Chemist: 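The structure's right below; bear with me while I get my questions together.
Every value quoted in this text rests on a predicted model; they were computed, and no experiment measured them.
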Amino acid sequence: MTPSAHDKSIFWELVRFVLIGLYATLIDFAIEGWMTSLLSSSLQGLGHIAAFFAMFGISAIGFLVSYPSNWSLTAIWGFRNVDEEASKKSRSLKGALWFLFYSALALLLGALIQFLGYMICLEWTSLNINILGGFDFQVMFVEKHYEIFAAWAIVMIIRTLFTLTFNYITRKFILFKAPKEN
């Protein structure tokens with residue numbers, strides 16, 4: 001089947017990619033926020049390295065919950081101007097594993113960005129915002145601890161922008177390559 005002009009359009013490809021990414025990010029954001037709020041009291045008192053691994057574990061759970069729908073939507077709808085051989089590979093078990101590998105690599109790099117963000121908020125500046133120990137949805141808005149939520153959301157957004165860019169590049173140029181023009 002020959003791709004239509006709509007399928008070949010970089011603009012529409014980016015729109016589809018961003019929509020899929022937003023969907024997966026909302027799932028991840030909800031899982032991470034809920035679990036961080038739930039485990040906030042347990043995270044208090046942890047050293048920075050232990051807190052990093054706890055937060056990475058929480059991120060990994062959000063990632064694993066969003067992965068199946070992210071891969072299937074990307075393989076079916078996200079990239080439509082794909083070389084026939086690349087299309088077959090990307091929709092196979094091997095393709096799903098490569099998708100998982102690159103997505104997990106983005107997760108690891110994103111976790112490093114998240115850790116740096118937490119360190120900036122808590123240790124390396126005068127902000128002194130403890131995202132890990134003070135994140136509790138039940139009291140955050142009642143006691144007006146908006147700065148904690150804002151700091152957490154900003155770090156999450158920066159991490160997400162990086163991982164979206166990384167994921168687009170690996171998917172566009174490695175997993176879902178467009179056919180070569182004659």
Side-chain angles (χ1 to χ4, degrees), residues 1-39 49-118 152-182:
M1 184 162 106
T2 307
S4 68
H6 189 269
D7 291 340
K8 289 182 177 183
S9 168
I10 295 289
F11 172 77
W12 289 112
E13 180 178 87
L14 283 170
V15 168
R16 290 188 302 268
F17 177 79
V18 168
L19 288 173
I20 293 167
L22 285 173
Y23 175 73
T25 299
L26 286 175
I27 293 170
D28 184 26
F29 193 81
I31 297 292
E32 281 194 48
W34 174 69
M35 289 191 68
T36 303
S37 177
L38 205 66
L39 300 173
I49 302 301
F52 167 75
F53 283 107
M55 288 307 298
F56 181 74
I58 290 170
S59 293
I61 291 168
F63 165 78
L64 290 172
V65 170
S66 67
Y67 169 76
S69 61
N70 191 358
W71 172 71
S72 59
L73 284 171
T74 301
I76 294 168
W77 185 60
F79 291 89
R80 300 184 72 179
N81 183 29
V82 180
D83 178 73
E84 192 173 323
E85 185 178 323
S87 179
K88 287 179 186 174
K89 285 182 185 177
S90 64
R91 292 180 177 160
S92 68
L93 176 60
K94 186 177 179 180
L97 292 174
W98 277 111
F99 188 94
L100 179 64
F101 170 77
Y102 287 116
S103 297
L105 184 57
L107 176 71
L108 287 170
L109 295 171
L112 179 60
I113 290 169
Q114 196 169 4
F115 178 69
L116 293 173
Y118 293 149
W152 176 80
I154 289 167
V155 170
M156 179 77 170
I157 289 166
I158 292 169
R159 182 195 80 179
T160 300
L161 289 173
F162 171 81
T163 57
L164 277 172
T165 303
F166 181 87
N167 283 332
Y168 181 77
I169 290 169
T170 58
R171 290 171 189 160
K172 173 74 176 165
F173 298 107
I174 298 173
L175 298 174
F176 300 96
K177 294 180 197 175
K180 294 180 182 175
E181 297 292 326
N182 290 333

Chemist: Between atom OG of S66 and atom CD1 of I20, what is the distance when rounded to the nearest 0.5 Å?
Modeler: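 S66 OG to I20 CD1: 12.5 Å, rounded to 0.5 Å.
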Chemist: So, S87 side chain and D83 main chain: donor-acceptor pair closer than 3.5 Å or not?
Modeler: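 It does not hold such a pair.
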Chemist: In plain terms, say whether R159 and D28 are close enough for a salt bridge, that is, a side-chain N and a carboxylate O under 4.0 Å apart.
Modeler: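 Looking at D28 together with R159, the answer is yes, because their closest N to O distance falls below 4.0 Å.
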Chemist: Go through the steps to decide whether F17 and W77 satisfy the test side-chain contact (heavy atoms from CB on, under 4.5 Å), and finish with yes or no.
Modeler: CA-CA 9 Å; F17 177 79; W77 185 60; over 6 Å; no
Chemist: Within the 4.5 Å heavy-atom criterion, are F176 and N81 side-chain neighbours or not?
Modeler: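 In short, these two side chains do not touch, never coming nearer than 4.5 Å.
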Chemist: Find out whether S59 and Q114 are in side-chain contact, i.e. whether some heavy atom of one side chain is under 4.5 Å from a heavy atom of the other.
Modeler: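 In short, these two side chains touch, coming nearer than 4.5 Å.
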Chemist: What class does the angle between the rings of F162 and F166 fall in, given that below 30° is parallel, 30 to 60° is tilted and above 60° is perpendicular?
Modeler: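 Correct class here is parallel.
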Chemist: Would you name the heavy atoms of Y67 and A96 that are closest together and state the gap between them?
Modeler: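 Closest heavy-atom pair between Y67 and A96: OH-O, 2.6 Å.
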Chemist: Measure the shortest side-chain to side-chain distance between E85 and K177 over non-hydrogen atoms and say whether it is less than 4.5 angstrom.
Modeler: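 Not touching, per the 4.5 Å side-chain cut-off.
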Chemist: Side-chain contact, heavy-atom cut-off 4.5 Å: T163 with L109?
Modeler: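 No, their side chains stay 4.5 Å or more apart.
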Chemist: With rounding to the nearest 0.5 Å, note down the distance linking CD1 in I169 to CG in L164.
Modeler: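 So the CD1 of I169 and the CG of L164 are separated by 11.0 Å.
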Chemist: Would you sort out whether E32 and M156 count as a side-chain contact (heavy atoms from CB on, under 4.5 Å), showing the intermediate values?
Modeler: CA-CA 10 Å; E32 281 194 48; M156 179 77 170; 3.9 Å; yes
Chemist: Restricting to non-hydrogen atoms, name the atom on A60 and the atom on L107 that form the minimum distance, rounded to 0.1 Å.
Modeler: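 Answer, listing the atom of A60 first, then L107: CA-CD2, 4.0 Å.
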Chemist: Between F56 and L108, is there a side-chain heavy-atom distance shorter than 4.5 Å?
Modeler: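 Heavy-atom side-chain distance check passes, below 4.5 Å.
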Chemist: Which is it for W71 and L100 under the side-chain contact (heavy atoms from CB on, under 4.5 Å) test, yes or no, and what are the steps along the way?
Modeler: CA-CA 8 Å; W71 172 71; L100 179 64; over 6 Å; no
Chemist: Please report the interatomic distance CZ(F29) to OG1(T160), rounded to the nearest 0.5 Å.
Modeler: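 It is 8.0 Å, given to the nearest 0.5 Å.
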Chemist: Roughly how far apart are N70 CG and S103 OG, rounded to 0.5 Å?
Modeler: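 Answer for the CG-OG pair, N70 versus S103, is 6.0 Å.
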Chemist: Taking C-beta and beyond as the side chain, do F79 and V82 meet within less than 4.5 Å on heavy atoms?
Modeler: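 Side chain of F79 against side chain of V82, heavy atoms only: contact under 4.5 Å found.
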Chemist: With sequence neighbours excluded, what pairs up with K172 under the side chain to side chain donor-acceptor pair (under 3.5 Å) test?
Modeler: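 If we apply the side chain to side chain donor-acceptor pair (under 3.5 Å) test to K172, skipping adjacent residues, the hits are E13.
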Chemist: To the nearest 0.5 Å, how far apart are CG in L73 and CG in L19?
Modeler: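 The CG atom of L19 is 10.0 Å from CG of L73, to the nearest 0.5 Å.
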Chemist: Between K89 and W98, is the side-chain contact (heavy atoms from CB on, under 4.5 Å) condition met? List the steps.
Modeler: CA-CA 10 Å; K89 285 182 185 177; W98 277 111; over 6 Å; no
Chemist: I158 versus I113: any side-chain heavy-atom pair under 4.5 Å?
Modeler: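 They are in contact (side-chain heavy atoms under 4.5 Å apart), so the answer is yes.
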Chemist: Measure the spacing between CG of L175 and CZ of F101 and express it to the nearest 0.5 Å.
Modeler: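 CZ of F101 is found 10.5 Å from CG of L175.
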